[in-house]
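Heads up: the structure comes next, in structure tokens.
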Amino acid sequence: MAKILEVLARSVWDSRGRPTVEAQVAVKGAGRSAATAVGRAIAPAGASTGSGEAKCIDVRQAVHLINTEVRSSLTGKKLDQESIDRSLIALDGTPDKSRLGGNAIVAVSLACAQAAAAAAKKPLWKHLAGERPVAMPVPQIQIFGGGAHARGRMDVQDLMIICTGAGSFTESLAWTAEVYRAAGARLAKRNALYGVADEGGYWPAFKSNEEALAELTGAISDAGFEPGADVGIALDIAATQLWRGGRYHLALDKRDLSAEQLHAMLLGWIERYPIVSIEDPFAEHDAEAMASFTRTAGGRIQIVGDDFFVTDWKKLQQGKARGACNAVLLKPNQVGTLTETLACWRAAQEAGYGAIVSARSGETEDVSVVHLAVGWGVPQLKVGGFSRSERMAKWNEGIRIEESLGGNKLPYPARRLFQRPTG
Ligand code: 2PG
Ligand code: MG
């Protein structure tokens with residue numbers, strides 16, 4: 001097994017122009033004549049974060065700690081992901097990763113995986129998959145951005161599409177391009193096009209949250225697709241952000257809703273629009289509302305826990321026991337290490353939950369998340385919208401991976417995952 005020669009870190013810039021941590025790990029393969037290899041990874045950053053997430057620390061401090069403590073602890077160690085991640089957790093020594101920082105830890109953990117793949121002369125997805133056959137994940141792609149990613153211009157954070165009828169990852173992107181263009185044309189016609197939000201979806205000026213759903217459904221039709229059959233809608237309500245004094249505050253709609261009222265509103269939306277997935281429909285602490293909504297709507301649509309699970313396998317098991325959600329968002333920086341992210345994906349499989357590997361609203365050119373989804377066999381991928389190069393770099397990496405697989409892959413899972421019962 002390869003050994004770690006050096007670990008170093010630097011401060012680089014993310015898609016919001018904020019500093020973030022890049023880690024670089026140099027390794028030497030087994031055997032005297034083995035060459036050295038280098039892996040790099042950059043920590044992303046969320047804007048709508050769950051309170052249970054690994055805590056990020058000041059970037060200068062994180063870089064300093066990697067260049068000192070982490071370097072001396074990992075140099076000379078075997079490049080075994082689980083034991084590296086165990087060392088990082090032990091070295092940090094806190095329950096929320098607040099000493100070394102979630103940002104330092106995720107950058108080092110991922111850079112080690114990239115270094116291992118480079119030493120094996122394989123792309124990361126192949127290094128992770130080994131001999132297992134893989135499928136391409138189904139993208140959730142943002143068309144309109146709101147919430148914390150567009151200064152609260154609309155309350156719902158992500159209005160996304162899932163090309164449920166597409167036959168491949170590459171075809172999903174081609175369909176998305178049509179819908180994205182059609183949505184832009186609709187907004188321009190109404191003078192409601194205000195540029196793009198943090199994740200590359202349009203920053204819209206709608207009069208109500210529901211108007212955004214109607215416009216998105218219209219854009220799907222304008223692009224020549226049948227809403228529901230070809231292209232479905234996925235929402236991230238990010239409801240933790242809406243919680244004010246015991247109610248859900250919808251500023252655009254000038255309404256304060258109880259959990260029961262929000263439940264009824266979402267059911268109405270599911271009736272009227274081709275919604276196939278809703279993420280964080282209730283706040284992170286509102287397990288009862290989440291379970292009740294899952295009982296009512298979970299047979300028809302995907303209900304995803306993001307802030308609600310924070311990629312923590314224990315929280316997922318508790319959620320399963322209460323009947324809350326039927327899918328989980330997997331964000332490596334939410335929990336800190338790759339090993340813990342993988343543990344959550346394994347717990348999801350055991351629980352019969354769906355899963356989506358997700359990027360963050362603050363991103364970079366780092367495309368590792370695409371490789372994690374393919375290599376681990378996670379069936380869905382969410383990396384934001386259809387503009388801004390930190391997003392497009394990831395979609396384009398998926399195209400390259402799909403092309404490299406040729407005929408040697410498992411069936412594309414879109415239709416299997418999202419076939420809605422008819423009638
Ligand atoms: C989310 C993510 C991505 P953030 O809530 O799912 O859309 O946002 O990275 O700001 O938490
Ligand atoms: Mg979310």
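Counting starts at 1 for both ligands and their atoms, following the listed order. None of the values given here were measured: they were computed from a predicted structure.
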D198: partners by salt bridge (Lys or Arg N to Asp or Glu O under 4.0 Å), with sequence neighbours left out: R16

Taking distance alone, with no angle check, do E279 and ligand 1 share an N/O pair under 3.5 Å? yes

Passing candidate, side chain to side chain contact (heavy atoms under 4.5 Å, CB included) with F169, options V138, I401, L381: L381

May I ask you to check whether over 12 heavy atoms, not counting those of R40, lie within 6.0 Å of atom CZ? no

Are the side chain of S15 and the backbone N or O of E363 linked by a donor-acceptor pair below 3.5 Å? yes

protein heavy-atom neighbour closest to atom 3 (C) of ligand 1 works out as E199 OE2, 3.0 Å

Would you mind checking if E279 and K382 are paired as a salt bridge, meaning a charged N to carboxylate O distance below 4.0 Å? yes

Pair D366-S368, side-chain donor/acceptor within less than 3.5 Å: yes

So does E397 pair up with R400, basic N to acidic O under 4.0 Å? yes

Please confirm whether A238 comes under 4.0 Å of ligand 1, counting heavy atoms of the residue only. no

Closer than 2.8 Å to the Mg ion (ligand 2), what protein N/O/S atoms do you find? D236 OD2, E279 OE2, D306 OD2

Atoms of ligand 1 close to L329 [distance to a heavy atom under 4.0 angstrom, numbered from 1]: 6 (O)

In the protein, which heavy atom is nearest to atom 2 (C) of ligand 1, and how far is it? K331 NZ, 3.3 Å

Checking T217 now: which residues fulfil side-chain hydrogen bond (donor to acceptor under 3.5 Å, both in side chains) with it, not counting sequence neighbours? none

Relative to the heavy atoms of H149, which atoms of ligand 1 are at a distance of less than 4.0 Å? 4 (P), 7 (O), 8 (O), 10 (O)

Non-neighbouring partners of K320 that pass salt bridge (Lys or Arg N to Asp or Glu O under 4.0 Å), sequence neighbours left out: none

Between Y180 and Y202 (judged by ring centroids, cut-off 6.0 Å), do the two rings come close enough to count as a pair? yes

Ignoring angles and geometry beyond distance, decide whether A45 reaches within less than 3.5 Å of ligand 1 through its nitrogen or oxygen atoms. no

Taking only heavy atoms of R360, which atoms of ligand 1 are found under 4.0 Å from at least one of them? 4 (P), 9 (O), 11 (O)

Between Q142 and ligand 1, which residue portion shows a heavy-atom distance shorter than 4.0 Å: side chain, backbone, both, or neither? neither

CD of E82: more than 12 outside heavy atoms within 6.0 angstrom? no

Side chain, backbone, both or neither: which part of D198 comes within less than 4.0 Å of ligand 1 when only heavy atoms are counted? neither

Which residue and atom name correspond to the protein heavy atom nearest atom 5 (O) of ligand 1, and how close is it? Q157 NE2, 2.9 Å

Numbered in order shown, the ligand 1 atoms found under 4.0 Å of a heavy atom of D236 are 1 (C), 5 (O), 6 (O)

Give the residue and atom name of whichever protein heavy atom lies nearest to atom 4 (P) of ligand 1, and the separation in Å to one decimal. S361 OG, 3.5 Å

If the cut-off is 4.0 Å to any non-hydrogen atom of D158, which atoms of ligand 1 fall inside it? 7 (O)

Distance under 4.0 Å to a non-hydrogen atom of K382: what atoms of ligand 1 satisfy this? 1 (C), 3 (C), 6 (O), 7 (O)

Do the charged groups of E390 and R360 touch, with an N to O distance under 4.0 Å? no

So, do T339 and Q81 sit near enough that their side-chain heavy atoms are less than 4.5 Å apart? yes

